[in-house]
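First the structure, in the form of structure tokens, and then the observations on it.
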Amino acid sequence: MASSSSSGLTFKLHPLVILNISDHYTRIKAQSQPPPTSSAADDAVSSQPPPRVFGCVIGVQCGRTVEIFNSFELLYDPSTHTLDRAFLEKKQELYKKVFPHFYVLGWYSTGGDAQESDMHIHKALMEINESPVYVLLNPSINHAQKDLPITIYESELHVIDGIPQLIFVQSSYIIETVEAERISVDHVAHLKPSDGSSAATQLAAHLTGIHSAIKMLNSRIRVLHHYLLAMQKGDLPCQNSLLRQVSSLLRRLPAIESEKFQDDFLMEYNDTLLITYLAMFTNCSSTMNEMVDKFNTAYDRHSRRGGRSAFI
Amino acid sequence: MDPFSSAAIARQTWELENNIVTTTAANDNSAASDAIFYYDGAAQDAFQQEKPWANDPHYFKRVKVSALALLKMVVHARSGGNIEVMGLMQGKTDGDTIIVMDAFALPVEGTETRVNAQADAYEYMVDYSQTNRQAGRLENVVGWYHSHPGYGCWLSGIDVSTQMLNQQYQEPFLAVVIDPTRTVSAGKVEIGAFRTYPDGYKPPDEPVSEYQTIPLNKIEDFGVHCKQYYALDITYFKSSLDCELLDLLWNKYWVNTLSSSPLLGNGDYVAGQISDLAEKLEHAENQLSHSRFGPLIAPAQKKKEEESQLAKITRDSAKITVEQVHGLMSQVIKDILFNTVRQSNRSREESSGPEPMVET
């Protein structure tokens with residue numbers, strides 16, 4: 001039922017939403033299954049499938065871009081397959097006070113695939129937002145998986161067997177972070193030492209981050225390279241659309257090549273060098289000051305004790 | 001991979017130095033590591049009745065913050081820009097550790113007179129806690145957090161009095177301070193967790209906490225109150241699902257890492273820091289000139305103070321420089337990566353047979 005794509009909207013997802021959903025799921029799972037008191041009980045871990053959790057996602061929509069910033073939990077009534085409307089409105093009010101710019105964009109749930117019953121909830125939410133999004137997180141941990149187990153669905157009106165029906169269609173999304181968000185996600189993901197007090201560890205941490213990012217870039221480019229080589233050899237059928245995309249990518253380099261950029265770049269470079277110079281100066285003068293003080297103490301001619309000082 | 005390769009040894013040394021305890025992500029352990037998410041209401045109530053902290057002001061020593069709580073707090077703090085924001089944290093206690101599971105923001109504008117802010121926010125807090133409890137979050141409020149944008153993680157005079165009040169009536173309670181501006185400029189999270197001592201309690205000699213630069217206009221406030229509270233160690237934890245997701249998330253946000261430019265984003269802050277440093281320098285210089293005129297008037301003590309002041313200034317300037325240089329490094333790397341392509345091609349055409357500048 002979920003075929004790909006879309007109405008041309010671009011979706012931007014913030015990592016906070018992902019962590020929110022994951023935390024909600026872990027919490028509910030942990031509450032329903034008290035932790036094993038001994039390690040032997042690990043075998044009898046859950047016999048029933050983990051419960052599904054539901055919630056609402058909020059954010060901003062500017063034109064064709066839908067940016068999902070945050071989310072909160074909702075109450076679900078499994079008998080009537082509906083979400084508690086009063087609860088949703090109460091929560092929405094609370095969140096409006098703190099984040100006045102955000103409004104309800106859709107809802108989320110956990111599970112393997114979108115289900116029929118989800119359409120009821122989706123339609124209920126259409127009263128609040130005319131085209132809500134449905135974010136689905138797959139909580140089963142699959143180590144072989146390379147991609148985020150999150151899918152975003154939109155609803156589209158399709159004519160099937162002569163009857164216009166709403167079905168879910170998958171949309172692509174990109175991960176968007178604010179700088180502070182990125183740093184804290186990085187911090188938690190790699191559990192970096194919080195006290196990087198020495199300059200060496202700070203430098204190491206900073207460069208490691210950049211190094212990992214460049215390694216990723218390198219590996220991605222290699223994949224493209226191999227793919228192109230295979231295409232050239234004839235192992236794979238030629239896909240012109242892909243070739244066009246690669247060629248446009250290559251033509252984007254160099255990223256900027258203008259006089260103005262060079263000037264600004266060198267100016268920034270010089271500013272940093274100037275700051276380094278000043279800091280060095282400060283360091284030197286401070287050391288010098290200390291030395292002069294020590295010298296004065298050691299060779300003090302105007303001692304208050306009167307008479308010759310003992311130090312020569 | 002050769003287990004004795006230099007890279008492996010370097011990594012092990014680093015892990016040892018920084019006490020990194022890698023929780024083995026084996027499947028049989030995932031249940032245990034997720035056990036922290038289980039809320040045992042009965043055990044928590046029993047702990048509340050016992051009140052072991054009433055006798056020992058230094059009872060709580062550590063704080064464990066969940067990944068979600070950290071992210072929420074940092075994002076909220078950053079969204080406030082230069083205005084202080086505050087919020088509450090929910091969680092539980094575990095022996096001498098306070099565990100923070102979640103955080104939520106309060107709709108209060110930060111001003112210097114924040115003692116009454118919590119009274120305004122009570123209604124919000126009650127509503128929010130109620131709705132949360134219905135949705136399955138059973139933890140109680142266990143602390144409050146607020147941001148000090150640009151001036152470091154410490155408790156101001158008003159913060160100290162607020163926290164002392166909290167520790168009288170709402171125990172166990174924790175105060176957390178986040179500096180979002182310094183987080184972005186330094187590239188690591190600036191956060192501190194504190195508890196105050198009760199009035200009149202003289203703490204035994206405690207180790208000197210990590211030095212941090214405080215702007216001149218706040219340094220008095222800091223100095224007066226810095227002995228009235230102590231800092232707790234902060235560690236972070238995440239669930240097994242979080243681990244998975246964060247690993248996979250890296251596949252997407254490495255782009256943001258490469259494209260981040262801290263120099264551009266924090267220009268104002270750096271300029272502010274430098275002007276503050278200049279003021280401090282002038283201050284130190286004035287003190288210096290005074291003592292030079294009167295060398296007979298107990299020069300020893302004053303000189304010691306100035307020396308440490310000048311040393312502090314040197315440390316501050318070193319810190320600013322290090323951050324700037326890091327930012328510049330990123331810019332230069334990006335420039336080399338993305339801007340020097342055409343030049344290498346050109347050089348290859350001109351002279352035959354040089355070695356290629358780009359590695360294949």
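In what follows, chains carry the letters A, B, and so on, assigned in the order in which the sequence lines appear, proteins first and then strands, with residues in each chain numbered from 1.
In terms of non-hydrogen atom pairs under 4.5 Å with chain B, the most contact-rich of A:Val178, A:Ile175, A:Ile174 is A:Ile175. Interface summary for chain A: among B:Asp242, B:Val270, B:Leu246, the most heavy-atom pairs under 4.5 angstrom belong to B:Asp242. For the options A:His24, A:Met216, A:Glu73, A:Lys97, heavy-atom pairs under 4.5 Å to chain B are most numerous at A:Met216. Ranked by heavy-atom pairs under 4.5 Å with chain A, the first of B:Lys252, B:Arg78, B:Glu323, B:Lys319 is B:Lys252. For the options B:Met73, B:Gln331, B:Lys334, heavy-atom pairs under 4.5 Å to chain A are most numerous at B:Gln331. For the set A:Leu278, A:Leu74, A:Thr282, the entry with the most heavy-atom pairs within less than 4.5 Å of chain B is A:Thr282. Contact count against chain A (heavy-atom pairs under 4.5 Å) is highest for B:Asp335 among B:Ile313, B:Val325, B:Thr181, B:Asp335. The candidate with the highest count of non-hydrogen atom pairs below 4.5 Å against chain B, out of A:Phe72, A:Phe261, A:Tyr269, is A:Tyr269. Contact tally against chain A (heavy-atom pairs below 4.5 Å) for B:Leu70, B:Val75, B:Thr321: the top residue is B:Thr321. Considering only heavy-atom pairs separated by less than 4.5 Å from chain B, the leading option among A:Leu273, A:Asn70, A:Ile18 is A:Ile18.
Contact annotation for B:Asp316: neither backbone nor side-chain heavy atoms come within less than 4.5 Å of a heavy atom of chain A. Looking at B:Ile333, the atoms closer than 4.5 Å to chain A (heavy atoms on both sides) all sit in the side chain, from C-beta outward. Only the side chain of B:Met329 comes within contact range of chain A, with at least one heavy atom under 4.5 Å from a heavy atom of that chain. For B:Leu277, no part lies under 4.5 angstrom from a heavy atom of chain A. The contact between A:Leu137 and chain B is made entirely by side chain atoms (from C-beta outward), counting heavy-atom distances below 4.5 Å. Heavy atoms of A:Phe54 lying under 4.5 Å from chain B are absent altogether. Contacts between A:Arg252 and chain B at a heavy-atom distance below 4.5 Å are absent for every atom of the residue. Contact annotation for B:Val332: both backbone and side-chain heavy atoms come within less than 4.5 Å of a heavy atom of chain A. Residue A:Ile28 touches chain B through its side chain alone, counting heavy-atom pairs closer than 4.5 Å. Looking at A:Ser212, the atoms closer than 4.5 Å to chain B (heavy atoms on both sides) sit in the backbone and in the side chain alike.
Nearest heavy-atom pair across A:Ser184 and B:Leu71 is OG-CD1, 3.2 Å. Nearest heavy atom pair, residue A:Ile183 against residue B:Thr183, reads CD1-O, 3.3 Å. Taking each heavy atom of A:Tyr95 and B:Tyr124 in turn, the nearest pair found is N-OH, 4.4 Å.
Interatomic distance, NZ of A:Lys215 versus CH2 of B:Trp254, reported as 13.0 Å (0.5 Å rounding). Distance check: B:Leu245 CG to A:Ile21 CD1 gives 9.0 Å after rounding to the nearest 0.5 Å. The distance from the CG atom of A:Leu19 to the CG atom of B:Leu249 is 7.5 Å, given to the nearest 0.5 Å. Atom-to-atom distance recorded for A:Met288:CE and B:Leu310:CG is 12.5 Å, nearest 0.5 angstrom. Rounding to the nearest 0.5 angstrom, the gap separating the CZ atom in A:Arg27 from the CG atom in B:Asp102 is 6.5 Å. Taking OG1 of A:Thr276 as the reference point, atom CD of B:Gln324 lies at 8.0 Å (rounded to 0.5 Å).
Side-chain contact between B:Ser330 and A:His206: present, with at least one pair of heavy atoms (C-beta onward) separated by less than 4.5 Å. Residues B:His326 and A:Thr272 fail the side-chain proximity criterion, which asks for heavy atoms closer than 4.5 Å. Side chains of B:Leu68 and A:Leu16 form a contact here, defined as non-hydrogen atoms less than 4.5 Å apart.
No side-chain donor-acceptor contact under 3.5 Å links B:Thr314 and A:Asn283.
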Check the pair A:Glu181 / B:Val74 against side-chain contact (heavy atoms from CB on, under 4.5 Å), numbers first and verdict last. CA-CA 7 Å; A:Glu181 213 175 341; B:Val74 172; over 6 Å; no
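In this structure a side-chain-to-backbone donor-acceptor pair under 3.5 Å is missing from B:Tyr253 to A:Arg182. A donor-acceptor pair under 3.5 Å is formed between the side chain of B:Lys238 and the backbone N or O of A:Val188.
Below 30°, between 30° and 60°, or above 60°: for B:Tyr236 and A:His187 the angle between ring planes is above 60°, a perpendicular geometry.
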